[in-house]
Amino acid sequence: MNKSIFSLFILLLAAVGAEAKYWKIGPSSVIGMDFASINDAMSSSDVTKGDTLYLDQYYNESSDQTVTKQVVIIGTGYDTSLTDEHVVARLTSALHLKAKGIVVKSVRLENVYFYNEECTVERCYMTSGKTQSTTAGLNHIYSCYVNGPISGYDSYNFSKYDIQNCVIFINYNSNNIFNLTSSIIRFNTILRNYSSSSLYCMNAITNSIITNNIILCYTSSYYDYDISSNVYSSGSGNSIEHNLLSRSTSLSYYPTNKYGYGSKLSELFVRTGSYSDYYKLAEKSAALEYATDGGEVGCHGGMFGCPSGGRPQYIPYFTKVTVGSRSENGKLPVSVTIKIQEE
């Protein structure tokens, strides 16, 4: 029964008024697929700018995929721990975004590479994001769970990002966010749990807006490694306001931040559930009502938040499918429960 769910899902999209020309991507064992991979779709002259590629829930790609056309790619969310009928579309190798204006939503990814500009990765799980061209423009990462670094091209060629409502977590030998310029870093929860005297949550960033974030290095004795001095120096050109930091001492030139939260994770977060849910704010969290808009700072603040599991917004999904064991009056009873991801 599960293998027919995706085809019914596409019919539902048509019923609610989906206008874009769409293509179904998934394994050949699933009836109704148009292409077996993203690469196959990119090789087809039938797929053109503005089209949408819907990834089947059983799409599990182990080879690098390269997107060379301005398309929208929509998966099924990234949380593999859900116990309903939900299975996630995933790429276990790299995704290369080479065209301008590509949009990727609700896919479980590994490494994502940006070559152009105005690409958006939204509601995804990813293990890194990196700019791969010195001529790349501004790219966007929204409402993602990033289990690794986000970085510019290199230490001589900084890159532009718009990073909002993400969890960015590091527990190995890397900075969290680095080699950026003219960027927006807002409403994120940026965490590291790694002992190093040369690595930071934020390092090598200039002329950027850094506001309404929770930025914590919570390894004991390394609380000061939240923001590097080259980021908060007077010549950095950065705006750093209304962030919660792990360090106990204030940043020079930037008084409107809160300090001393490296050992207070249990006071800040509920710490139950998985992915972004783990970092919802506790009842009396210091991150409440501290943002520049009067709301909460961190990944769940602002207008968009970081939705649980990364399901695609306004697209129906199945929570339960029940098939009867025998026919009734010549008909096999089937019960389907469908929900819409509204947030």
_Derivation of the side chain to side chain contact (heavy atoms under 4.5 Å, CB included) call for F178 and S151_ = CA-CA 5 Å; F178 60 104; S151 62; 3.5 Å; yes
*State whether a side-chain donor-acceptor pair under 3.5 Å links Y161 with T131.*
yes
_Looking only at the side chains, is there a donor atom on one of N111 and S128 sitting less than 3.5 Å from an acceptor on the other?_
yes
*Would you give the length of the straight line joining atom CD1 of I184 to atom CG of N188, rounded to the nearest 0.5 angstrom?*
11.0 Å
*Any chance you could measure I177, atom CD1, to I210, atom CD1, to the nearest 0.5 Å?*
8.0 Å
*Identify whether L288 and V297 are in the same connected component of the hydrophobic contact network (ILVMFWY, side-chain heavy atoms under 4.5 Å).*
yes
*F187-L244 co-clustered via ILVMFWY side chain contacts under 4.5 Å*: no
*Does atom CD of Q132 have more than 12 heavy-atom neighbours from other groups under 6.0 Å away?*
yes
*With distance as the sole test, does N243 use its side chain to make a donor-acceptor pair with the main-chain N or O of L245 at under 3.5 Å?*
no
_Check the orientation of Y290 and H242. Use parallel for under 30°, tilted for 30 to 60°, and perpendicular for over 60°._
tilted
*Do S285 and E283 have side-chain N/O donor and acceptor atoms under 3.5 Å apart?*
no
_Please find the pair of heavy atoms, one from G152 and one from L180, that lie closest to each other, and give the distance._
N-CD1, 3.7 Å
_For a quick test of reading the model, state the closest non-hydrogen atom pair linking Y259 to L251 and the distance between them._
OH-N, 3.2 Å
_Working note: I215 + N257, criterion side chain to side chain contact (heavy atoms under 4.5 Å, CB included); need CA distance, chi angles, decisive distance, verdict._
CA-CA 11 Å; I215 308 170; N257 296 277; over 6 Å; no
*Tell me, do V30 and Q57 make a side-chain contact under 4.5 Å, heavy atoms counted?*
no
*Does K130 make a cation-pi contact with Y153 (under 6.0 Å, within 45 degrees of the axis)?*
yes
*Distance-only, no hydrogens or angles: does the N157 side chain make a donor-acceptor pair with backbone N or O of D154 under 3.5 Å?*
no
*Closest contact, heavy atoms only, D162 versus L138*: N-CD1, 3.7 Å
*Starting from the C-alpha separation in whole Å, work towards a yes-or-no answer on side chain to side chain donor-acceptor pair (under 3.5 Å) for S93 and D64.*
CA-CA 5 Å; S93 192; D64 282 16; 2.2 Å; yes
*For L97 and V121, run side chain to side chain contact (heavy atoms under 4.5 Å, CB included): C-alpha distance rounded to whole Å, both residues' side-chain angles, the deciding distance at 0.1 Å, then the answer.*
CA-CA 10 Å; L97 306 180; V121 179; 4.0 Å; yes
*Give a yes or no on whether Y218 and Y261 share a hydrophobic cluster (residues Ile, Leu, Val, Met, Phe, Trp, Tyr; joining criterion: side-chain heavy atoms under 4.5 Å apart).*
yes
*asked:* On a heavy-atom basis, which atom in Y78 and which in C124 lie closest, and how many Å separate them?
replied: CD2-C, 3.6 Å
*Derivation and outcome, side chain to side chain contact (heavy atoms under 4.5 Å, CB included), residues K284 and E267*: CA-CA 7 Å; K284 297 182 180 180; E267 298 177 20; over 6 Å; no
*According to the salt bridge (Lys or Arg N to Asp or Glu O under 4.0 Å) rule, which pairs have a member within residues 236-254, sequence neighbours left out?*
D226-R247
*For the residue pair D46 and W23, establish whether any side-chain heavy-atom pair is separated by less than 4.5 Å.*
yes
_Identified side chain to side chain contact (heavy atoms under 4.5 Å, CB included) partner of I168 from the options I141, N147, I163, L191_ = I163
*Flag the pair S236 / V231 as yes when at least one side-chain heavy-atom distance between them is below 4.5 Å, and no otherwise.*
no
_Please give me the minimum heavy-atom distance between S208 and S183, naming the atom from each residue._
OG-N, 3.0 Å
_Test side chain to side chain contact (heavy atoms under 4.5 Å, CB included) applied to Y223 and S263, S248, C217, the passing residue_ = S263
*asked:* To the closest 0.5 Å, what do you measure between OG (S159) and CD (E117)?
replied: 12.5 Å
*Is it true that a side-chain atom of K100 and a backbone atom of Q70 form a donor plus acceptor pair closer than 3.5 Å?*
no
*Name all residues meeting the side chain to side chain donor-acceptor pair (under 3.5 Å) criterion together with N39; count only those two or more places apart in sequence or in a different chain, and write none if there are none.*
none
_Rounded to the nearest 0.5 Å, what separates atom SG in C306 from atom NZ in K280?_
10.0 Å
*Checking N238 side chain against I205 main chain: does a donor-acceptor pair fall under 3.5 Å?*
yes
*Is it possible for you to say whether Y142 and F169 belong to one hydrophobic cluster, with membership spreading through side-chain heavy-atom contacts below 4.5 Å?*
no
*Examine distances only and state if a side-chain atom of N165 and a backbone atom of C299 form a donor-acceptor pair shorter than 3.5 Å.*
yes
_Side chain S37, main chain D40, donor-acceptor under 3.5 Å_ = yes
_Interatomic spacing from CD in E296 to CD1 in I214 - rounded to 0.5 Å_ = 8.0 Å
*Would you indicate whether Y172, at its atom OH, is surrounded by more than 12 heavy atoms from other residues, nucleotides or ligands within a distance under 6.0 Å?*
yes
*Are Y253 and Y232 co-members of a hydrophobic cluster defined by side-chain heavy atoms under 4.5 Å apart?*
yes
*Taking the side chain as every heavy atom from C-beta outward, state whether R271 and L265 have any atom pair closer than 4.5 Å.*
yes
*Check the angle between the aromatic planes of Y125 and Y275 and answer parallel, tilted or perpendicular using the 30° and 60° thresholds.*
perpendicular
*Angle class for the F269/Y279 ring planes (parallel below 30°, perpendicular above 60°, tilted otherwise)?*
perpendicular
*Does T76 use its side chain to pair, donor to acceptor, with the backbone of A89 at less than 3.5 Å?*
yes
_Using side-chain heavy atoms (C-beta onward) and a distance below 4.5 Å, is C144 in contact with C166?_
yes
*Mark yes or no for whether N212, through its side chain, and T292, through its backbone, hold a donor-acceptor pair below 3.5 Å.*
yes
*Heavy-atom distance under 4.5 Å between the side chains of V47 and L53, does that happen here?*
yes
_Check: E289 side chain, A287 main-chain N or O, donor-acceptor pair, under 3.5 Å_ = no
*Can you name the closest pair of heavy atoms from P307 and S276 and give their distance?*
O-OG, 3.8 Å
*Decide yes or no for F114 and S133: does some side-chain heavy atom of the first lie under 4.5 Å from some side-chain heavy atom of the second?*
no
*Separation between CE of M33 and OG of S28, rounded to the nearest 0.5 Å*: 10.5 Å
_Quick one, V104 and V112 - any side-chain contact, counting heavy atoms below 4.5 Å?_
no
*Could you walk me through whether S62 and T92 pass the side chain to side chain donor-acceptor pair (under 3.5 Å) test, one step at a time?*
CA-CA 5 Å; S62 59; T92 58; 5.0 Å; no
*Are any side-chain N or O atoms of S182 and backbone N or O atoms of K160, one a donor and one an acceptor, separated by less than 3.5 Å?*
no
